[in-house]
Amino acid sequence: MTISQTVNGALRPIPAWPLYFILLIPGALLFWTVLQNPGPNPVEALEHGLGEYALKALILGLLITPIRDLLKINLIKYRRAIGLMAFFYVFAHLTVYLFLDQQLDWSAIIKDITKRPYIIVGVLSFLILLPLAVTSNNLSIRKLGPLVWRRLHWGVYAAVILGALHFVLLKKTWQVEPLTYLAIFVVLVGYRGWKAIR
Ligand code: HEM
């Protein structure tokens, strides 16, 4: 028996639902840490932390296929939970921006969106991710049909590049961390593109 067969066998009885709780832990710890030690700008700390967890969860979700192809380890049943939790972090990030950062001041929000290109890019990424999250259920797959559903979900590749670009653009200078996220997504999306062309 190969190592991948052993791992797949060990994973078979492990359901996906605990992942929703497990992936909630970093967000809960972030809230707890910010509450305990608010620092000079607690809202910014939350906004940034949640944005980064969104990117990390999106990376996890996009790693599932290469792991299956290259290591023959099948984690497909965990992909929906990871994808939905990535969206949860994007949504929480947006909620902190709207409610805590901008305090629902719509004129300030509109000014921010039109003034700062990185916000437009973030909004675009969010708008692509929204229908993907809404259709991440068996009923939608049945209603749309697997082909249309799969095509719709290709949107995730555009969304992750835009999400990372949002991070790159908000820094006034070239910085290693956002560029690393962008590079990881370019490799992961490039891999899928290369596979599709082959
Ligand atoms: C409606 C959409 C979005 C809005 C309005 C928004 C807004 C913001 C704002 C205001 C900041 C802080 C900028 C600053 O420090 O001045 C930020 C940072 C960030 N956002 Fe977004 N964002 C959106 C979507 C997204 C999405 C879709 C992702 C990821 C997939 C994301 C990931 C991040 C990251 C990683 C940071 C920086 C964290 C850091 O500096 O450590 N955002 N966003």
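All of these numbers come straight from a predicted model, not from anything done at the bench. First listed ligand is number 1; within each ligand, the first listed atom is number 1.
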Nearest heavy-atom pair of [X] and [Y]: which atoms, and what distance?
{"X": "P178", "Y": "K171", "result": "CG-CG, 3.9 Å"}
{"X": "Y78", "Y": "L11", "result": "OH-O, 3.4 Å"}
{"X": "W174", "Y": "V168", "result": "CZ3-CG1, 3.8 Å"}
{"X": "L188", "Y": "P66", "result": "CD2-CG, 4.1 Å"}

Tell me the protein heavy atom at minimum distance from [atom], and give that distance in Å.
{"atom": "atom 10 (C) of ligand 1", "value": "Y97 CD1, 3.4 Å"}
{"atom": "atom 8 (C) of ligand 1", "value": "H93 NE2, 3.5 Å"}
{"atom": "atom 4 (C) of ligand 1", "value": "L94 CD1, 4.3 Å"}
{"atom": "atom 41 (O) of ligand 1", "value": "E52 OE2, 2.5 Å"}
{"atom": "atom 28 (C) of ligand 1", "value": "H166 CD2, 4.2 Å"}

Checklist entry - So is there a nitrogen or oxygen of E177 less than 3.5 Å from a nitrogen or oxygen in ligand 1? => result no
Short side-chain to backbone donor-acceptor contact, [X] and [Y], under 3.5 Å:
{"X": "S140", "Y": "S136", "answer": "no"}
{"X": "N74", "Y": "R68", "answer": "no"}
{"X": "E44", "Y": "N41", "answer": "no"}

Atoms of ligand 1 less than 4.0 Å from [X] heavy atoms?
{"X": "L170", "answer": "17 (C), 18 (C), 19 (C), 36 (C), 37 (C)"}
{"X": "S125", "answer": "27 (C)"}
{"X": "K171", "answer": "40 (O)"}
{"X": "L58", "answer": "30 (C)"}

Heavy-atom nearest option to [atom], drawn from [options]:
{"atom": "atom 11 (C) of ligand 1", "options": "E47, Q175, Q102, K172", "value": "E47"}
{"atom": "atom 15 (O) of ligand 1", "options": "K56, H48, E44", "value": "H48"}
{"atom": "atom 24 (C) of ligand 1", "options": "G163, G122, P178", "value": "G122"}

Next on the checklist: Under 6.0 Å between ring centres: does that hold for F167 and F185?
Outcome noted: no
Checklist entry - Just wondering, are more than 12 heavy atoms of other shown residues or ligands nearer than 6.0 Å to CD1 in I3? => result no
Item to check | Heavy atoms of other groups near F21 CZ, more than 12 under 6.0 Å | outcome: no
Just let me know how [X] lines up against ligand 1, side chain, backbone, both or neither, with a heavy-atom cut-off below 4.0 Å.
{"X": "V123", "result": "both"}
{"X": "L162", "result": "neither"}
{"X": "L55", "result": "side chain"}

Next on the checklist: Given the ring of W194, does R198 sit roughly above its face, with NZ or CZ under 6.0 Å from the centre of the six-membered ring and within 45° of the axis?
Outcome noted: yes
Next on the checklist: I'd like to know if Y118 contacts ligand 1, where contact means a heavy-atom distance under 4.0 Å to any ligand atom.
Outcome noted: yes
